[in-house]
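Worksheet for the structure shown next.
Keep in mind that the numbers below use all heavy atoms, side chains included, and drop hydrogens, waters and symmetry copies. Bear in mind the structure is a predicted one, so any value in this text is a computation, not a measurement.
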Amino acid sequence: RRLRVAVVVLALLLIAPALLVMREVQQQLSPWKPVSGFPKDPVSSVALNHTNDPTAPWICAGTADVGLGCTRDGERWNIYQQDLPTGRPAGNAGPLFTGAQGIVALAIDPTRPNRLFVSVYQGETKNGDDVGGTMRSDDGGRTFQAANGGLPSEPAIQLAVFGDAVFASYGPDQGYKLFASRDGGESWDLTGGGGKSPMSEVYAVRVTPDGAVVMAGAKEGLFVARLDGATLEWHNTLPGEPIVVIESGSQDSEQYFLAT
């Protein structure tokens, strides 16, 4: 199905099959090396905590089969599986009968770094429909609860979060729609309460480090909306070419790179 193809392509573009880390030695970059203590399972998504909160994980990595791995030092990893779909559905006995279960997308809230959002894939129905959803953890990944109110019953391919503002973008099966929540994932809609969305298809979403603005790469260009209002009012700041990737120069940078 097209969603799985889109997820696989996105994962291959963003991350190698094994999670790698880089260390700085005498102000020079040492060679890359595989992370010790992490399961040898394909990594589907990675999120970083850019705060200095010592109680929160520094890096979390979602996998296709074994759940969520989080670390505070890059060496010792905790693997969390509670409430998460892992492994493969058994046979054809149940409503879900094929495909690996696991995490598709992952985001850490920079205002509360022990709050994580994950998009999960739970399998495929006998009719060939992908099934999944979005879940939230408030304890650094140890436990999760559903955060699906108003979302499609399949996994999002990208997540972005800042405080109670959460965004989930979907693949071709859902028409590349972008859903927004203003209450920490309790409820969702297509526009963030601002009426009809001006974006026909959304390919990328990112919140600025200060949480002031959300950016959406869309078929019609680059849209931005401020997060300090009661609703999201989207404005196309770069009409023309579709924007498919939004990346920042650094966590504190005001410079962004776009791919069309």
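- Heavy-atom minimum distance, Leu159 versus Ala105: CD1-O, 3.8 Å.
- Neither side chain, Ser187 nor Asp189, offers a donor N or O lying under 3.5 Å from an acceptor on the other.
- Between Leu222 and Ile246, the closest side-chain pair of non-hydrogen atoms falls below 4.5 Å.
- Annotation: salt bridge (Lys or Arg N to Asp or Glu O under 4.0 Å) contacts of Asp53 (sequence neighbours excluded): none.
- The CD atom of Gln174 sits 9.5 Å away from atom CG of Leu190, with the distance rounded to the nearest 0.5 Å.
- You'll find the side chain of Thr260 reaches within 4.5 Å of the side chain of Ile243, heavy atoms only.
- At least one donor-acceptor pair under 3.5 Å links the side chain of Trp188 to the backbone N or O of Ala147.
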* Does the salt bridge (Lys or Arg N to Asp or Glu O under 4.0 Å) test come out yes or no for Arg115 and Asp164, once each step is laid out? -> CA-CA 10 Å; Arg115 172 172 283 191; Asp164 287 333; 3.7 Å; yes
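- Taking 4.5 Å as the limit, every side-chain heavy atom of Phe167 sits out of range of all side-chain heavy atoms of Arg206.
- Listed here is the closest heavy atom pair of Asn236 and Pro239: OD1-N, 3.3 Å.
- With rounding to the nearest 0.5 Å, the separation of CG in Leu48 from SG in Cys60 is 9.5 Å.
- Here CG of Asn78 is found 7.5 Å from OG1 of Thr71. Values are rounded to the nearest 0.5 Å.
- Nearest heavy atom pair, residue Tyr121 against residue Pro155, reads CD1-CG, 4.0 Å.
- Proximity of Trp234 to Val214: side-chain heavy atoms (C-beta onward) are separated by under 4.5 Å at one or more points.
- By the 4.5 Å heavy-atom criterion applied to side chains, Leu68 and Phe144 are counted as neighbours.
- When side chains are defined from C-beta on, Leu258 counts as touching Leu238, because their heavy atoms get closer than 4.5 Å.
- Using a 4.5 Å heavy-atom cutoff, the side chains of Ser169 and Ile157 are in contact.
- When all heavy atoms are compared, the tightest approach of Asn114 to Leu116 is O-CD1, 3.6 Å.
- Rounded to the nearest 0.5 angstrom, Cys70 SG and Leu106 CG are separated by 7.5 Å.
- The heavy-atom pair separating Ala216 from Val202 by the smallest distance is CB-CG1, 4.2 Å.
- Put simply, the side chain of Leu227 reaches to within 4.5 Å of the side chain of Leu232, judged on heavy atoms.
- At distances below 3.5 Å, at least one donor-acceptor pair connects side-chain atoms of Ser119 with backbone N or O atoms of Ala156.
- Under 3.5 Å, the side chains of Glu220 and Ser200 contain a donor-acceptor pair of N or O atoms.
- Between the side chain of Ser181 and the main chain of Val166, no donor-acceptor pair closer than 3.5 Å is present.
- Of the inter-residue distances, the one linking Asp83 atom CG with Arg136 atom CZ reads 12.5 Å to the nearest 0.5 angstrom.
- Looking at Thr143 and Gln145, their side chains never bring a donor and an acceptor atom within 3.5 Å of each other.
- Atom NE2 in His235 sits 10.5 Å away from atom CZ in Phe223 (nearest 0.5 Å).
- Ser44 contributes a side-chain N or O that, together with a main-chain N or O of Gly62, makes up a donor-acceptor pair within less than 3.5 Å.
- Judged purely by atom type and a 3.5 angstrom limit, Asp109 uses its side chain to pair as donor or acceptor with the backbone of Gly163.
- Other residues, nucleotides and ligands place more than 12 heavy atoms under 6.0 Å from the CG atom of Asp228.
- In terms of heavy atoms, Pro110 sits closest to Phe162 at CG-CD1, 3.5 Å.
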